[in-house]
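One structure below.
Just follow the structure's listing: the first ligand is 1, and inside any ligand the first atom is 1.
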Amino acid sequence: MSVDTPPPSDHAARLPRRVALVGTGLIGTSLGLALRRVSQIERVTGYDADAQRLAVAHERGALDAAASTAEEAARGADLVVLAVPASAVGRAAASVASALPEGAILTDVASVKRRVVEQLQDAAPAGVHVIGGHPMAGSHESGPEHGSAELFVGATYLLTPTTYTAPAAYQRLHALAGAIGARPLAVHPARHDLLVAVVSHLPQLAATTLMNLATERAQREHAGLLLLAAGGFRDATRVAASDPDLWLEICAENREAITAVLDDYAERIRELRESLAHEDSTALRQVLEQAHAGRRGLPSKEVSRRPMVELVVPIADRPGTLSEVTTTVGAVGVNIEDMGIEHAAEGGRGALRLAVSGTEEAHRARDAITARGYEVVERRL
Ligand SMILES: NC(=O)C1=CN([C@@H]2O[C@H](COP(=O)(O)OP(=O)(O)OC[C@H]3O[C@@H](n4cnc5c(N)ncnc54)[C@H](O)[C@@H]3O)[C@@H](O)[C@H]2O)C=CC1
Ligand SMILES: O=C(O)C(=O)Cc1ccc(O)cc1
């Protein structure tokens with residue numbers, strides 16, 4: 001197998017052509033607006049249980065056509081995206097199942113993945129590829145009025161391949177996420193839920209708590225309190241304005257992981273309080289400096305101009321390899337910018353070609369893949 005063949009950059013050959021969106025709220029409408037800008041996409045059809053929301057998405061140009069049932073939207077689609085609340089994913093998947101052609105991809109965008117991916121797998125007929133998804137972009141607003149084609153630009157788009165995921169299907173969804181400006185990152189569904197508890201679910205509940213504390217203090221102590229709120233308070237509480245129904249569901253679906261991270265948070269607040277009460281400015285300084293460095297180093301959404309490096313991983317044609325390699329790269333915090341799959345003429349073996357931005361990132365990914373027992377050939381693009 002040669003490593004001198006061209007890099008994996010031919011998006012057009014592998015993007016889905018006909019997309020169905022079930023659920024045209026904030027995320028569904030944003031996806032529709034973004035997908036309709038991708039020239040290789042021929043048709044975006046949508047359905048929403050709420051006719052008004054479907055009409056708004058259509059009027060806003062997120063859809064080529066509005067269908068009157070989920071099944072009608074999905075008929076003939078090679079990609080179906082369920083952009084509905086987590087509790088509705090199972091039902092929505094069942095309602096499109098009979099319309100899904102063999103080879104189609106069924107994905108979702110829900111904020112929790114473990115149970116949702118199981119439900120997708122249960123509903124999908126044989127020959128349909130299931131890959132969970134979760135764009136880490138959104139808003140405290142909901143509904144189609146707030147959708148934006150730009151929402152996903154620079155955002156991490158989590159994909160949850162499993163042992164069953166076919167490499168070519170994964171590659172198509174990966175390419176689609178890239179085509180709307182997002183940066184795909186692979187993570188196992190159960191691991192996904194533990195991770196988002198930290199970076200999404202805890203921030204929501206911390207913002208909620210802070211907002212309630214301030215509101216109650218304003219009522220009890222000084223009616224003008226909230227007029228004093230400057231940028232810091234506004235930044236720290238923005239997501240408290242999110243849809244309570246959405247967050248009730250997320251809390252119910254990810255109760256264990258959220259409870260554990262809340263315990264960690266409560267303990268840290270308690271320690272902080274102790275440092276303050278005992279005038280331990282050394283401890284307090286350490287906490288403030290650690291957070292200062294951490295916040296300044298937060299990865300930005302800007303895609304920097306770093307050299308692209310290709311990692312070629314010879315793989316056996318067996319289930320689970322794609323998921324293992326991509327989630328290994330995700331676990332060391334490296335986005336795969338583009339990917340290709342080669343099948344050797346003799347069959348049974350092939351190669352995954354992964355394009356990674358940055359030499360240091362490429363080495364991190366290479367070392368992690370090598371540690372899993374794979375061979376990796378590296379070359380600068
Ligand atoms: N709001 C956010 O910032 C983000 C949300 N998500 C996830 O995206 C999904 C959608 O959330 P949003 O777009 O924010 O909510 P939304 O409330 O704006 O939209 C959801 C839409 O789904 C429709 N719907 C509900 N059940 C349905 C069914 N069975 N069939 C067809 N349509 C149905 C509703 O009528 C509504 O229009 C949720 O699973 C959420 O966890 C993911 C990333 C960010
Ligand atoms: O508004 C914001 O900043 C968010 O973080 C929105 C959000 C809400 C739910 C998700 O699953 C992902 C992102």
Quiz item: Among pairs that include at least one residue of residues 142-157, which meet side chain to side chain donor-acceptor pair (under 3.5 Å), considering only residues two or more places apart or in two chains?
Solution: R37-E150
Exercise. Determine the sole option in I41, D78, L35, V38 for which the side-chain contact (heavy atoms from CB on, under 4.5 Å) test with P16 is passed.
Key: D78
Practice problem: Please list all pairs passing the side chain to side chain donor-acceptor pair (under 3.5 Å) test where one or both residues lie in residues 104-113, with sequence neighbours left out. | Solution: D108-K113
Quiz prompt | Candidates L54, V56, L21 - the one meeting side-chain contact (heavy atoms from CB on, under 4.5 Å) with D48 | solution = L54
Exercise. Applying side chain to side chain donor-acceptor pair (under 3.5 Å) between D64 and each of R36, H58, R43, R18, report the one that passes.
Key: R36
Exercise. For side-chain contact (heavy atoms from CB on, under 4.5 Å), just list the numbers for V356 and N335, CA-CA rounded to whole Å, side-chain angles, deciding distance to a tenth of an Å, and then say yes or no.
Key: CA-CA 7 Å; V356 165; N335 291 94; over 6 Å; no
Return a table of N or O atom pairs, ligand 1 on one side and protein on the other, at distances under 3.5 Å, rounded to 0.1 Å.
residue  : atom   : partner : partner atom : Å
ligand 1 : 3 (O)  : S139    : N            : 2.9
ligand 1 : 3 (O)  : S139    : O            : 3.3
ligand 1 : 13 (O) : L26     : N            : 3.2
ligand 1 : 13 (O) : I27     : N            : 2.9
ligand 1 : 17 (O) : R53     : NH1          : 3.2
ligand 1 : 18 (O) : L26     : N            : 2.8
ligand 1 : 18 (O) : G143    : N            : 2.8
ligand 1 : 32 (N) : A49     : N            : 3.2
ligand 1 : 35 (O) : D48     : OD1          : 2.6
ligand 1 : 37 (O) : D48     : OD1          : 3.3
ligand 1 : 37 (O) : D48     : OD2          : 2.6
ligand 1 : 37 (O) : R53     : NH1          : 2.9
ligand 1 : 39 (O) : V84     : O            : 2.7
ligand 1 : 41 (O) : S111    : N            : 3.3
ligand 1 : 41 (O) : S111    : OG           : 2.6

Which N or O atoms of ligand 2 sit under 3.5 Å from a protein N or O, and how far apart is each pair?
residue  : atom   : partner : partner atom : Å
ligand 2 : 1 (O)  : R238    : NH1          : 3.0
ligand 2 : 1 (O)  : R238    : NH2          : 3.3
ligand 2 : 3 (O)  : R238    : NH2          : 2.5
ligand 2 : 11 (O) : S111    : OG           : 2.7
ligand 2 : 11 (O) : H134    : NE2          : 2.6

Quiz item: Sub-3.5 Å donor-acceptor pair from the side chain of R172 to the main-chain atoms of L79, do we have one?
Solution: no
Quiz item: What's the verdict on side-chain contact (heavy atoms from CB on, under 4.5 Å) for H363 and E378, showing C-alpha distance, side-chain angles and the deciding distance?
Solution: CA-CA 9 Å; H363 289 168; E378 178 182 327; 3.0 Å; yes
Quiz item: Roughly how far apart are C251 SG and H201 NE2, rounded to 0.5 Å?
Solution: 8.0 Å
